[in-house]
Amino acid sequence: MKKIDVCLSPDLIELYDLNNKVVVIVDVLRASSTMITALANGVSQIRPFSHVSACQAMRRSGYLIAGERGGDIIDGFDLGNSPLSFLNEKYFGENLAMTTTNGTLAIKLSQKAFKVIIGGIINLDAVAAYLKAQDKDVVVFCAAWKGKVNLEDTLFAGALVDLLTDEFEAECDAPIVARAVYREAKDDIIGYLKNSSHVNRLKKLGIEKDIEFCLTPNKFSVVPELEGDDILLK
Ligand code: MLT
């Protein structure tokens, strides 16, 4: 049987062997949801960066520059980190360079993986189908918040474990914990997360619309994949 593991924070990733595994990067609020939405709406490719200056330098290569720190758009950037900005194919055919507090960092920490894909509640079923079709073990890598565990990424990991339970066995206790969170939350995901730390952070910034969008299951059926330096749809 294939194995599934869950890494609840980038600070724990050194404990996981990513060799020959498919890594699912999840940052439900909001980096992975923004990437999925942008690519599903025609953005050609997204290059992730951990550092602001390296991201900004991509403007010279014709890339649009997007990102946040603390949830807010970075000064001088074209776009922040809202999935809603990319709806209606507004940036069709554009290349995007992106840096976020946690999401793009998690991608950078996954270079040893066999494959890196991008998951969120908005493409949950498509990610599950993709993983079922692969003959590889899986690590769900939660971007979390500055090293601390968060509820929404854990919930997504648990939803995936739940969908894959017939074909994958848990490699440690983290998938079991995540699945228990999902099972408790599944009938009212938005209500369950209403007091979570990043939901509150985004509410303070007045970004409620993003929360509802990012927590709505299966808006898209695409599975973004890292190829070389860029994330794209294959
Ligand atoms: C991150 O990468 O930490 C997030 O996507 C933050 C945000 O909500 O913009």
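Start at 1 and go down the list; that is how both ligands and their atoms are numbered.
Ion pair K2/D137 not flagged as a salt bridge, since none of the NZ, NE, NH1 or NH2 atoms sits closer than 4.0 Å to an Asp/Glu carboxylate oxygen. For K203 and E208, the salt-bridge test fails: no basic side-chain N is under 4.0 Å from an acidic carboxylate O. With respect to E171 and K3, no salt bridge is recorded, no charged nitrogen being found less than 4.0 Å from a carboxylate O.
Closest approach of A170 and I176 over heavy atoms only: CB-CG1, 4.2 Å. Nearest heavy atoms, A144 versus P10: CB-CD, 4.1 Å.
Every atom of ligand 1 is numbered from 1 in the order shown, and the set under 4.0 Å from a heavy atom of L202 is 8 (O). Close contacts between ligand 1 and A31 involve ligand atoms 2 (O), 5 (O) [criterion: under 4.0 Å to a heavy atom]. Atoms of ligand 1 lying under 4.0 Å from at least one heavy atom of T101, given by number and element, are 1 (C), 2 (O), 3 (O). Close approach of ligand 1 to N81 (heavy-atom distance below 4.0 Å) involves ligand atoms 4 (C), 5 (O), 6 (C), 7 (C), 9 (O).
Under 4.0 Å from ligand 1, not a single heavy atom of T104 appears.
Any N or O atom pair closer than 3.5 Å counts here, and G103 shares at least one such pair with ligand 1. In terms of polar-atom proximity, G71 is not counted as a contact of ligand 1, lacking any N or O under 3.5 Å from an N or O of the ligand. On a distance-only criterion, W145 and ligand 1 share no N/O pair closer than 3.5 Å. Polar contact check, T100 against ligand 1: a nitrogen or oxygen pair lies under 3.5 Å apart.
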- [ ] Step by step, work out the side-chain hydrogen bond (donor to acceptor under 3.5 Å, both in side chains) result for D27 and N102.
- [x] CA-CA 8 Å; D27 185 352; N102 308 287; 5.1 Å; no
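Cation-pi geometry between K21 and F114 is not met: the NZ or CZ atom fails to fall both under 6.0 Å from the ring centre and inside 45° of the normal.
Looking at heavy atoms from C-beta onward, K115 lies in side-chain contact with E225 at the 4.5 angstrom threshold.
Looking only at protein heavy atoms, the nearest one to atom 4 (C) of ligand 1 is D27 OD2, 3.3 Å. What sits closest to atom 3 (O) of ligand 1 on the protein, heavy atoms only, is N102 ND2, 2.6 Å.
With M35, H198, E68 as candidates, the residue nearest to atom 8 (O) of ligand 1 on a non-hydrogen basis is H198.
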